[in-house]
Amino acid sequence: MNAPVHAPLYPALVDPFGRAITYLRVSVTDRCDFRCVYCMAEDQHFLPKKDVLSLEELDRLCSAFVARGVRKLRLTGGEPLVRKNVMALVRALSRHVAAGDLDELTLTTNGSQLARFAGELVDCGVKRINVSVDTLDAAKFREITRWGDLDKVMAGIDAARAAGLHVKINAVALKGVNEHEFDDMILWAHGLGMDLTLIETMPLGEVGADRTDQYLPLSEVRARLSERWTLADIPFKTGGPARYVEIAETGGRLGFITPLTHNFCEGCNRVRVTCTGTLYMCLGQEDAADLRAPLRASEGDDLLHAAMDEAISRKPKGHDFVIDRDHRGPAVSRTMSVTGG
Ligand code: SAM
């Protein structure tokens, strides 16, 4: 697991629109211990083990991207912390942070396993994590996640904060589900010194629900919130697509991720790799490149780098998500748990 980074050997990855690829999101497993209604079908089928990259292969793949200029690496899933022995991968990748080749190693988690892993994450140089919490109501939490236990997630968040991790809360805005809770969530998150980011639900995959029932434009949410709170736009950036405001009354930050009402493709610096080594150059497009075959074809990384170059030369300008009465189905067939959110 300790393949060296060959920084000088390979040039930076730059797409046809001049955007450098500096942020890689890697889904380390398609499995999850929750079944969020907007993300997965309840009877979701999972991939056979042989199709999934080993931890050593994931390390090689991530390291190849680091060698090409990726500075931020986010592990996600599925639920990254349910992947067996995932901390061995985190520990291996942390060498790039220690060497100064990576600015940030982070993860997005549902928090269910955080109480177990928070200390070790800090030990591996992880400084910030995103935890997905859509509601503070335990019964509603169970409904949204189908299988989740809010108390366990809260205990995980407490453990993460106690271990010294900066926690950002992500909540998907769902019409008629959590839309009246955002004031409480702001008070809760900011009261604990955590940023909160709201996300528009995206039409990804067939999940057995009508997207028009779930979709809540954040332009509407923002207008409503500004009746109670004083929101000031701030230039704060974390390398992702969120645009932030500071709330004067709490002194905390609130982010908006608006792939539908305000597409943010022009500054896209990201690509995503699934746990099978499929590279998606855009979250909202079907085009993809297989990196598993070149990875497994030889011990050296030349074939892999050639495949990365070829794929990045096809990175599209952007996506065009639409959810309305004429567009109830998914924009792409894969769910977020496959691509890695
Ligand atoms: N299991 C981890 C978690 O819950 O954070 C990581 C993977 S999950 C797919 C990552 C994020 O994607 C979560 O915040 C989830 O709410 C969000 N997500 C899933 N499906 C989505 C969709 N269709 N639209 C918007 N966000 C979605």
Side-chain angles (χ1 to χ4, degrees), residues 25-41 44 46 74-83 86 106-114 117 128-135 140-141 143-150 152-153 156-157 160 167-175 177-178 185 189 195-218 221 240-242 255-261 263-264 270 272-275 280 283-284 319 321-323 327-341:
R25 303 172 69 112
V26 182
S27 174
V28 299
T29 176
D30 61 329
R31 286 162 198 265
C32 189
D33 51 347
F34 291 3
R35 290 287 180 281
C36 297
V37 289
Y38 51 80
C39 186
M40 284 191 189
Q44 189 89 14
F46 294 109
R74 178 177 300 280
L75 304 184
T76 176
E79 172 48 42
L81 296 180
V82 302
R83 170 92 195 233
V86 69
T106 184
L107 80 164
T108 298
T109 172
N110 65 23
S112 68
Q113 311 298 316
L114 262 182
F117 292 120
R128 303 187 312 154
I129 55 169
N130 290 352
V131 182
S132 305
V133 180
D134 297 332
T135 175
K140 205 180 283 180
F141 188 81
E143 270 173 46
I144 296 174
T145 60
R146 292 195 183 103
W147 297 357
D149 175 353
L150 184 61
K152 206 169 163 195
V153 171
I157 292 172
V167 177
K168 176 166 83 77
I169 303 297
N170 282 341
V172 176
L174 297 163
K175 189 160 79 183
V177 178
N178 60 1
M185 292 189 74
D195 291 346
L196 170 68
T197 294
L198 302 177
I199 307 173
E200 281 174 345
T201 173
M202 291 172 251
L204 304 175
E206 207 58 76
V207 291
D210 186 338
R211 298 283 183 186
T212 49
D213 292 344
Q214 303 173 333
Y215 173 53
L216 177 62
L218 287 183
V221 173
F256 296 94
I257 299 186
T258 55
L260 285 105
T261 53
N263 135 338
F264 38 65
R270 295 173 290 288
R272 293 171 154 85
V273 180
T274 70
C275 61
Y280 284 101
L283 179 62
H319 57 71
F321 290 135
V322 183
I323 299 180
H327 302 83
R328 287 168 185 271
V332 294
S333 57
R334 60 192 191 276
T335 60
M336 189 73 120
S337 61
V338 171
T339 323

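Just follow the structure's listing: the first ligand is 1, and inside any ligand the first atom is 1.
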Enquirer: So does V177 get a backbone contact from the side chain of K140, meaning a donor-acceptor N/O pair under 3.5 Å?
Expert: yes

Enquirer: Determine whether the side chain, the backbone, both or neither of D134 has a heavy atom under 4.0 Å from any heavy atom of ligand 1.
Expert: neither

Enquirer: Are the side chain of T135 and the backbone N or O of F141 linked by a donor-acceptor pair below 3.5 Å?
Expert: no

Enquirer: Could you tell me if any non-hydrogen atom of G77 lies under 4.0 Å from any atom of ligand 1?
Expert: yes

Enquirer: With respect to N170, determine whether any N or O atom, backbone or side chain, lies less than 3.5 Å from an N or O atom of ligand 1.
Expert: no

Enquirer: Using a strict 4.0 Å cut-off to heavy atoms of M202, name the atoms of ligand 1 that fall inside it.
Expert: 22 (C), 23 (N), 24 (N), 25 (C)

Enquirer: When you look for heavy atoms under 4.0 Å from ligand 1, do you find them on the side chain of V172, its backbone, both, or neither?
Expert: side chain

Enquirer: Just checking, any donor-acceptor pair under 3.5 angstrom between side chains of Q44 and D30?
Expert: no

Enquirer: Taking the side chain from E200 and the backbone from L218, do they hold a donor-acceptor pair closer than 3.5 Å?
Expert: yes

Enquirer: From the options Q214, R25, E200, select the one whose nearest heavy atom is closest to atom 25 (C) of ligand 1.
Expert: E200

Enquirer: Would you check whether T76 has a nitrogen or oxygen atom less than 3.5 angstrom from a nitrogen or oxygen atom of ligand 1?
Expert: no

Enquirer: Do K175 and Q214 make a side-chain contact, defined as non-hydrogen atoms from C-beta onward lying under 4.5 Å apart?
Expert: no

Enquirer: With atoms numbered from 1 as shown, which atoms in ligand 1 lie under 4.0 angstrom from a non-hydrogen atom of T201?
Expert: 24 (N), 25 (C)

Enquirer: Any sub-3.5 Å donor-acceptor pair from N178's side-chain atoms to V172's backbone N or O?
Expert: yes

Enquirer: With a 4.0 Å cut-off on heavy atoms, is G78 in contact with ligand 1?
Expert: yes

Enquirer: State whether a side-chain donor-acceptor pair under 3.5 Å links T109 with E79.
Expert: yes

